[in-house]
Amino acid sequence: MDWEDLHHFSTFASHGTLTGAARALGVEHATVARRISALEACLDLKLVDRRGRHLVLTPDGQRIADIAETMGKGAATISRTAAGARAELTGIITISAPPALAAARLVSPLAKLRQRHPQLEITLIGEARTAALEKREADIAIRLSRPEKGEFTITKVATMTFRFYASSAYLEKTPEHAWTFVGYDAPMAAAPQQARLRELAAGRPVGFTASTLEIQLAATKAGAGIAILPDFAVENCPELVCIHPDDPPFSRDVWLAIHSDMKAAPAVHVTIEALKSGFAEHDRH
């Protein structure tokens, strides 16, 4: 058996489509289809039902997929264990974090870390989704929601404060009863800070939605309405005015999570300490 054929099939099974599997693997979808066909020929077993518009797993395919998933977890455990056992400060450290937070708070301490340990290679992935640490999609995850399950070591590293902001020009020309609001679109529309935004809106329209914080910030600066933004995002935006500055800010905790198998790896340890120091330095200021 070609193990790469099994890996491609397992990825297809977990993503549900050839396109999704191809994107995850960094290959063409035709490659995924070819690998699945090769695995079926090797096993002399039909794994995928190709009738209709969508490919679905056969009962045998589902059983093989379940076994392959277990094998994949085992391979990831071997990888994590090996990474945790290496003593040298070399290798690639992958960090997953919300994009705006990564740019504002993580880049500087990670750049300083690289200056001290030039053999380290840092990959910083800005993404809203939660990376699967157990699958080694990342070594370290920075998140605004505390992971609820998994074999993780979790540390609170900061508190992010949010306030309501609008451009001074918007406030000058728009009476309070006519305010409109800037928020996230789905799936981030369920974020806790968006619930706070809807409370302030009190039925007034959220007339501009965007998928990222960066776009919301740009829309607010352009006069699209009032947004709830993290304070760090507006540090260099003199054109924005805080609404109700005397009210307590809305806050969310920032969590750092690693798989427990990785916590002994020196490279991971120094990276975590650098990130903690970076957050602490901003808190002091």
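All residue numbers in this chain count up from 1 along the given sequence.
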Residue pair [X] / [Y]: nearest heavy atoms and the distance that separates them:
X      : Y      : result
Thr220 : Ala166 : CG2-CA, 3.8 Å
Ile154 : Trp255 : CG2-CE3, 3.7 Å
Glu40  : Val48  : OE2-N, 3.1 Å
Thr271 : Ala267 : OG1-O, 2.7 Å
Thr58  : Asp49  : CG2-N, 3.8 Å
Val182 : Ala219 : CG1-CB, 4.2 Å

Look at the side-chain heavy atoms of Ile, Leu, Val, Met, Phe, Trp and Tyr, link any pair under 4.5 Å apart, and say whether [X] and [Y] land in one connected group.
X      : Y      : answer
Leu57  : Ile67  : yes
Val107 : Ile92  : no
Val241 : Phe162 : yes
Ile122 : Ile125 : no
Phe208 : Leu240 : no

*Taking it one step at a time, do Ser251 and Thr161 satisfy side-chain hydrogen bond (donor to acceptor under 3.5 Å, both in side chains)?*
CA-CA 4 Å; Ser251 63; Thr161 54; over 6 Å; no
Counting C-beta onward and ignoring hydrogens, is there a side-chain heavy-atom pair between [X] and [Y] closer than 4.5 Å?
X      : Y      : value
Thr174 : Thr180 : no
Arg204 : Ile226 : no
Tyr165 : Asp231 : yes
Tyr184 : Gln216 : yes
Cys42  : Asp5   : no
Asp253 : Arg146 : no
Trp179 : Tyr170 : yes
Met1   : Leu39  : yes

[X] side-chain N/O to [Y] backbone N/O, donor-acceptor pair under 3.5 Å:
X      : Y      : value
Glu239 : Ser167 : no
Arg114 : Leu120 : yes
His117 : Leu113 : no
His7   : Trp3   : no
Gln194 : Met188 : no
Ser96  : Ala138 : no

*Decide side-chain contact (heavy atoms from CB on, under 4.5 Å) for Leu200 and His244; before the verdict, give the C-alpha distance in whole Å, the side-chain angles of both, and the deciding distance to 0.1 Å.*
CA-CA 11 Å; Leu200 179 66; His244 308 316; 4.1 Å; yes
As an exercise, state the distance from [atom1] of [X] to [atom2] of [Y], rounded to the nearest 0.5 Å.
X      : Y      : atom1 : atom2 : answer
Arg196 : Arg252 : CZ    : CZ    : 14.5 Å
Leu18  : Leu55  : CG    : CG    : 5.0 Å
Ile142 : Phe279 : CD1   : CZ    : 5.0 Å
Glu176 : Ile243 : CD    : CD1   : 8.5 Å
Leu229 : Leu197 : CG    : CG    : 9.5 Å
Thr209 : Ile215 : OG1   : CD1   : 10.0 Å

*Report the relative orientation of the aromatic rings in Phe12 and Phe9; use parallel for angles under 30°, tilted for 30 to 60°, perpendicular for over 60°.*
tilted
*Parallel, tilted or perpendicular: ring planes of His259 versus Phe152, cut at 30 and 60 degrees*: perpendicular
*asked:* For Glu28, I'd like to know if atom CD has over 12 heavy atoms of other residues, nucleotides or ligands within 6.0 Å.
replied: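 Not more than 12 within 6.0 Å, no.
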*Mark yes when over 12 heavy atoms from residues, nucleotides or ligands other than Lys46 sit less than 6.0 Å from its NZ; otherwise mark no.*
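Correct, the count exceeds 12.
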*Please name the residue in the list Leu124, Val268, Thr123 that meets the side chain to side chain contact (heavy atoms under 4.5 Å, CB included) test with Ile93.*
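Passing option: Val268.
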*Evaluate the side-chain contact (heavy atoms from CB on, under 4.5 Å) criterion for residues Val27 and Arg34: first the C-alpha distance (whole Å), next the side-chain angles of each, then the deciding distance (0.1 Å), finally the verdict.*
CA-CA 11 Å; Val27 299; Arg34 176 174 56 80; over 6 Å; no
*Verdict with supporting geometry, Ile64 and Leu6, side-chain contact (heavy atoms from CB on, under 4.5 Å)*: CA-CA 9 Å; Ile64 298 297; Leu6 185 63; 4.2 Å; yes
*So, Asp60 and Arg63, do they make that salt bridge, N to O below 4.0 Å?*
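Arg63 and Asp60: salt-bridged.
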*asked:* Quick one, Asp2 with Arg35, criterion side-chain contact (heavy atoms from CB on, under 4.5 Å). Give me CA distance, side-chain angles, the key distance, then yes/no.
replied: CA-CA 9 Å; Asp2 187 329; Arg35 289 283 191 175; 3.2 Å; yes
